[in-house]
Amino acid sequence: MSKSVYDFKVIEKKWSGVFSSYCISNSQIINNAEKKYYVLEMLPYPSGKLHMGHIRNYTIGDVLARYKAMAGFSVIHPMGWDSFGMPAENAALKSGGHPRIWTEFNIETMKEQLKTFGFMYDWPREISTCSRAYYAQEQKLFLDLLKRGLIYRKKAYVNWDPVDNTVLANEQVIDGRGWRSGAIIEKKLLEQWFVRITDYAEDLLSGLKDYEGNWPDKVLKMQENWIGRSEGATINFKITDSDDVIPIYTTRPDTLFGASFVAISPDHEISLKLAKNNSEITNFLSECKKIATNEEALAKAEKEGFKTHLEVDHFLVPGKTLPVYIANFVLIDYGTGAIFGCPAHDDRDFAFATKYNLPILQIIKPTEGGTELPYAGDGILVNSGFFDGLTTQEAKAAMIDHIEKIGIGTRQVNYKLRDWLISRQRYWGCPIPIIHCPKCGMVPSELTIFLPDDIEIDGSGNPLEKHPTWKHVKCLRCGGDALRDTDTLDTFFESSWYYLRYLCPDFDDPIEKEIESAAMPVDICIGGIEHAVLHLLYARFFMLALRDMGYVKAKIPFVKILAQGMVYHKSYKNSEGEWIQPDEIETSPDGKMFDKSGKEVFEFSMEKMSKSKKNTINPQSIIESYGVDAARLFIVSDSPPEKDFDWNTDALEGSWRFLNRVWKTFNEIFGEDSKASGNEKSLIKTTHVALKKIANSYETVSLNKSVAFIREFFNAIEDGLTSESIESLRFAFKNFIKAISPITPHICHEMWKATGETPSILQESAWPEISEALATVNEITIAVQVNGKLRGTFETEKGTDETALIQRAREILGSYIDESTIKKIVAVKDRVVNVVCQ
RNA sequence: GCCCCUGUGGCGGAAUCGGUAGACGCAGCAGACUCAAAAUCUGCCAUCCGUCAGGAUGUGGGAGUUCGAGUCUCCCCGGGGGCACCA
């Protein structure tokens with residue numbers, strides 16, 4: 001029998017090995033496909049050590065996986081490593097080592113840590129995206145996507161990160177800066193590899209409805225905005241006295257009568273052509289370039305324009321022409337790179353027209369309100385010839401019809417979404433399996449193309465490009481001298497399909513259909529909100545594309561997304577404004593705080609745990625003081641998983657105290673010196689009621705509520721120690737062990753084993769049967785109100801009819817009310833009696 | 001500028017359908033045990049008045065719907081996030 005002191009160190013060490021050897025096989029999943037449950041935590045980058053954010057993420061996932069297994073599901077719960085990427089190269093540059101060695105070492109360390117925390121992962125499914133086995137399959141996918149036309153190469157203005165020395169995808173540019181380096185992004189015209197994600201723009205947009213209610217609304221909204229669908233028309237404006245046209249995309253064809261100028265982007269082909277023999281224009285274009293790279297000023301930048309000698313005909317007003325400007329605010333990569341300006345009904349056009357003295361003609365009368373210009377809302381058309389009197393909505397449709405009828409333009413749908421730039425000028429990534437032959441062009445290379453190990457990383461450009469021999473090959477088609485592509489893939493390419501590879505980590509092709517169709521989609525994916533557009537959009541695209549290519553049956557990657565909140569902690573700054581680590585603070589007798597150098601220290605604010613703010617808590621030190629179970633319990637206790645939460649060592653200690661109480665009570669109920677001597681049995685009903693509530697809160701992943709109900713249940717057991725019979729106590733406590741075991745598995749397994757129950761693993765269909773009859777509360781409390789205010793309560797049997805309720809309410813209220821003032825009495829079965837008085 | 005989310009005790013947070021606001025925990029206070037402290041246990045703990053009984057107020061503010069509003073509708077204020085020259 002167990003010792004009387006809860007020795008978490010011994011217990012946790014004993015059970016962690018058992019948990020890490022648990023994995024359900026593919027054949028089990030396939031045979032039980034209708035009861036499978038796939039729990040996925042976004043795979044970590046192996047940066048060195050687990051931080052609290054990881055621990056929170058994985059604890060939530062593990063609790064869910066364990067609960068679902070107990071509830072009878074074949075649970076798939078894999079873990080792996082997003083192990084390609086920049087930090088490994090930067091570390092190698094700093095220390096002189098090799099990215100592979102650094103990465104593999106980190107993986108080993110972090111894997112050990114994961115096991116320490118008792119996370120029950122399917123280790124046989126483990127993958128590392130930098131392994132040859134993984135990227136060999138990825139290269140096959142690349143070539144298939146290429147064959148299908150979903151990957152292509154083009155020359156385009158791309159985002160260049162001058163610090164990381166590589167190009168980036170649009171999704172990786174945040175506020176004009178590189179998402180990792182923070183460097184201000186430059187626009188460069190380069191030939192790069194792209195994924196034709198825009199082919200799926202409409203599917204990605206309309207598919208969002210499949211996720212309603214399961215993905216956070218915020219994520220759906222962000223993706224919708226990112227895809228950015230708009231409806232309008234492309235109109236070809238004829239250049240006056242020429243046969244050439246300038247195509248213009250607009251969503252406001254209703255405002256055409258108010259047009260007073262046309263503006264084209266500085267990067268527009270006409271601008272470039274005009275610049276060729278005009279130094280003024282050349283200068284203007286280079287001025288625009290400067291502003292464009294000038295960070296946030298971009299948004300506030302003054303509208304600048306250069307008036308060309310060109311004009312276009314206004315096709316609606318015979319004889320009228322519009323001047324053509326080159327303008328700094330017109331984007332080359334949206335629409336056609338050219339706009340028409342209607343100053344009266346657009347803020348920017350208004351500012352531009354005012355600056356350059358262009359006519360401002362109001363053609364929309366607001367249905368109500370003032371007449372101040374610019375006015376961008378809806379209204380009734382005026383000064384618009386045969387369109388006068390139409391609403392803006394009617395006018396849009398009518399104008400497009402007209403444009404199509406006279407053959408100068410067409411209805412058009414446009415998207416903000418751009419193709420995904422996937423090539424990176426870096427070493428530590430999946431090599432692009434392509435050979436460039438001067439005679440044959442692009443030729444798929446032999447598979448697999450491995451990264452060379454003998455590289456030199458010195459921070460100056462792409463190590464693959466500089467490698468003396470690697471890129472020099474013979475063309476597979478003509479046998480002549482050719483060059484390998486030296487770019488590697490964006491690491492988001494790896495993380496777009498890893499969840500499929502977990503299902504068949506050793507399979508000879510990327511995806512094994514049989515297990516995919518049984519196991520996919522992932523039932524819940526848990527990770528940070530920062531991937532709302534990046535990873536979650538790419539993964540959706542991959543599933544759609546792989547489905548069309550016959551690789552997968554499922555059409556969505558993740559049924560449910562849980563975006564877990566961040567971990568916050570107190571932070572400190574000294575009088576100089578430097579961040580100070582809490583353990584370097586000394587407190588003087590009068591309560592003032594000082595750092596090592598004697599500067600006064602102040603509590604700053606709650607900040608996201610980060611090394612730079614010196615407010616991290618090392619998970620390892622926590623489990624040494626309080627144990628894994630206490631840490632896991634604390635992490636899911638107070639805050640709902642999707643909300644940010646504040647690290648609170650006091651509350652952690654509270655969790656630890658709770659487990660001590662549990663251990664003590666366990667010994668009192670199951671120990672030889674058990675003091676239980678009562679003969680009541682009310683805990684049996686309490687147990688069923690509690691189990692039902694707890695199961696519901698696990699199902700909805702409201703883990704903070706699970707903990708609250710579990711503690712409530714335990715308090716009831718403690719209260720019954722002297723009054724309840726030993727059978728009743730033991731029944732309740734065994735079920736209590738089951739109820740809390742997803743959260744605190746180590747102590748639970750220890751106690752469970754000591755009760756002599758089998759099977760010893762709680763996770764196989766172990767969730768207790770709940771008796772509906774017992775789980776229903778029959779004795780309920782009815783509120784008695786007068787004019788909606790509570791005046792008393794009484795107990796009654798569930799289902800008591802209204803007449804009886806009113807009867808009881810009258811007795812309770814007694815002389816409190818004057819009968820003659822009663823206007824009416826509202827009684828609601830099982831809830832309330834409200835006496836309405838004058 | 002546009003879009004979205006959010007506002008409940010000292011703090012984290014509960015509150016299926018509109019039906020007893022504050023479950024569960026943290027912090028705090030008081031008591032028991034102890035020479036003492038820690039640990040543990042017991043009790044209290046929205047605010048105001050009251051010794052108690054009890055009463056009044058109370059879910060950011062204001063209005064509305066309702067017998068009854070934290071929950072529904074409208075307006076305003078605060079906090080957080082996303083997008084941002086997208087034609």
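Worth saying up front: this structure is predicted, and the values here are computed from it rather than measured. Letters A, B, ... are given to chains in the order of the sequence lines, protein chains preceding strands, and every chain is numbered from 1.
Residues forming a side chain to side chain donor-acceptor pair (under 3.5 Å) with A:S697 (at least two apart in sequence, or on another chain): A:S706. Residues that satisfy the salt bridge (Lys or Arg N to Asp or Glu O under 4.0 Å) test with A:R808, not counting sequence neighbours, are absent from this structure.
B:rG25 and B:rG43: their P atoms are spaced 12 Å apart (whole Å). For the P atoms, the distance from B:rG18 to B:rU73 is 11 Å, rounded to whole Å. On the P atoms, B:rG62 is 23 Å away from B:rG12, given to the nearest whole Å. Distance noted for atom C1' between B:rC75 and B:rU65: 15 Å (whole Å). On the C1' atoms, B:rG22 is 22 Å away from B:rA30, given to the nearest whole Å. With P as the reference atom, B:rG81 and B:rC76 are 23 Å apart, rounded to whole Å. B:rC49 sits 15 Å from B:rG10 when the P atoms are compared, rounded to a whole Å. Taking atom P in both B:rA37 and B:rC45, the straight-line distance is 26 Å, to the nearest Å.
In this entry the distance linking CG of A:N787 with C1' of B:rC67 reads 8 Å, nearest Å. The distance between atom OH of A:Y568 and atom P of B:rC11, rounded to the nearest whole Å, is 18 Å. The interatomic distance linking A:M399 (CE) with B:rA87 (C1') rounds to 16 Å, in whole Å. Residue A:Q223 contributes atom CD, which lies 15 Å from atom C1' of B:rC4 at whole-angstrom precision. Whole-Å rounding puts the A:F658 CZ to B:rC41 P distance at 12 Å. Spacing between atom CG of A:D254 and atom P of B:rA87 amounts to 13 Å, rounded to whole angstrom units. Atom-to-atom, CD of A:E530 to P of B:rG81 comes out at 14 Å; the value is rounded to the nearest Å. Rounded to whole Å, atom P of B:rC17 lies 17 Å from atom CG of A:D830.
No more than 12 heavy atoms of other residues, nucleotides or ligands sit less than 6.0 Å from atom CD of A:E797. Around atom NZ of A:K608, no more than 12 heavy atoms belonging to other residues, nucleotides or ligands sit under 6.0 Å away.
Counting any heavy atom pair closer than 4.0 Å across all strands shown, A:K218 reaches sugar-phosphate atoms only and no base atom. Across all strands shown, A:P640 has heavy atoms under 4.0 Å from sugar-phosphate atoms exclusively, and none from any base. Among the atoms of the strands shown, base atoms are found under 4.0 Å from some heavy atom of A:V828. Among the protein residues, A:K643 comes within range of the sugar-phosphate backbone only, with heavy atoms under 4.0 Å from sugar or phosphate atoms but none that close to a base. Base engagement by A:R418 is indicated by at least one non-hydrogen atom pair under 4.0 Å involving a base atom.
Comparing A:T250 and A:V173, the nucleotide of RNA chain B nearest to each residue sits closer to the 5' end for A:V173.
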Under 3.5 Å, N/O pairs linking protein and nucleotides 20-31 of chain B:
residue : atom : partner : partner atom : Å
B:rU20  : O4   : A:T781  : OG1          : 3.2
B:rA23  : O2'  : A:E712  : OE2          : 2.5
B:rG25  : OP1  : A:N715  : ND2          : 3.3
B:rC26  : OP1  : A:R657  : NH2          : 3.2

Set out, line by line, the N/O atom pairs under 3.5 Å between protein and nucleotides 57-65 of chain B.
residue : atom : partner : partner atom : Å
B:rU57  : OP2  : A:K789  : NZ           : 2.9

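Across all strands shown, B:rC52 has no partner, as no Watson-Crick or G-U wobble contact with both distances under 3.5 Å is found. Pairing for B:rU59 is absent, judged as Watson-Crick or G-U wobble with the two contacts each under 3.5 Å. Summarising the base pairing, B:rG78 is matched to B:rU6 through a Watson-Crick or G-U wobble pair whose two defining distances lie under 3.5 Å. In this structure, B:rC72 forms a base pair with B:rG64, meeting either the Watson-Crick or the G-U wobble geometry with both donor-acceptor distances under 3.5 Å. Both distances falling under 3.5 Å, in either a Watson-Crick or a G-U wobble arrangement, place B:rG28 opposite B:rC44.
For B:rG60, the glycosidic angle deviates from 0 by more than 90°, giving an anti base. Against the 90° criterion about 0, the sugar-base torsion of B:rC33 places it in the anti range.
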Can you give me every donor-acceptor pair (side chain of residues 636-643 of chain A, partner residue at least two apart or in another chain, under 3.5 Å) with its distance?
residue : atom : partner : partner atom : Å
A:S637  : OG   : A:L633  : O            : 2.7

CA sep, side-chain torsions, deciding dist, call: A:T392, A:D378, side chain to side chain donor-acceptor pair (under 3.5 Å): CA-CA 6 Å; A:T392 39; A:D378 287 344; 3.1 Å; yes

Could you go through A:F284 and A:Y325, starting from their C-alpha distance and side-chain angles, then the distance that decides it, and tell me whether this counts as ring-ring contact (aromatic ring centres under 6.0 Å, His included)? CA-CA 11 Å; A:F284 180 74; A:Y325 283 78; 9.6 Å; no

Test salt bridge (Lys or Arg N to Asp or Glu O under 4.0 Å) on A:K692 and A:E772 and set out the steps. CA-CA 9 Å; A:K692 191 177 173 185; A:E772 272 306 319; 3.2 Å; yes

Mind running side-chain contact (heavy atoms from CB on, under 4.5 Å) on A:L361 and A:F257 for me, showing each step along the way? CA-CA 8 Å; A:L361 174 64; A:F257 273 97; 5.7 Å; no

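When each of A:F352, A:F340, A:Y356, A:F237 is paired with A:F261, the ring pair (Phe, Tyr, Trp, His ring centres under 6.0 Å) condition holds for A:F352 and for no other.
The minimum heavy-atom distance linking A:K798 with A:T776 is given by the pair NZ-CG2, 3.8 Å.
The cationic atom of A:R711 (NZ for Lys, CZ for Arg) lies less than 6.0 Å from the six-membered ring centre of A:F658 and within 45° of the ring axis.
Near RNA chain B, meaning a heavy atom under 4.0 Å away, the residues from residues 329-347 of chain A are A:F329, A:V330, A:L331, A:Y334, A:I339.
Between A:H535 and A:H531, the angle of the ring planes goes over 60°, which puts this pair in the perpendicular group of the 30/60° scheme. Relative orientation of the A:F634 and A:F645 rings is tilted, given thresholds of 30° and 60° on the angle between their planes.
Relative to the side chain of A:V826, the nucleotides B:rG19, B:rG13, B:rC4 differ in distance, and B:rG19 lies closest.
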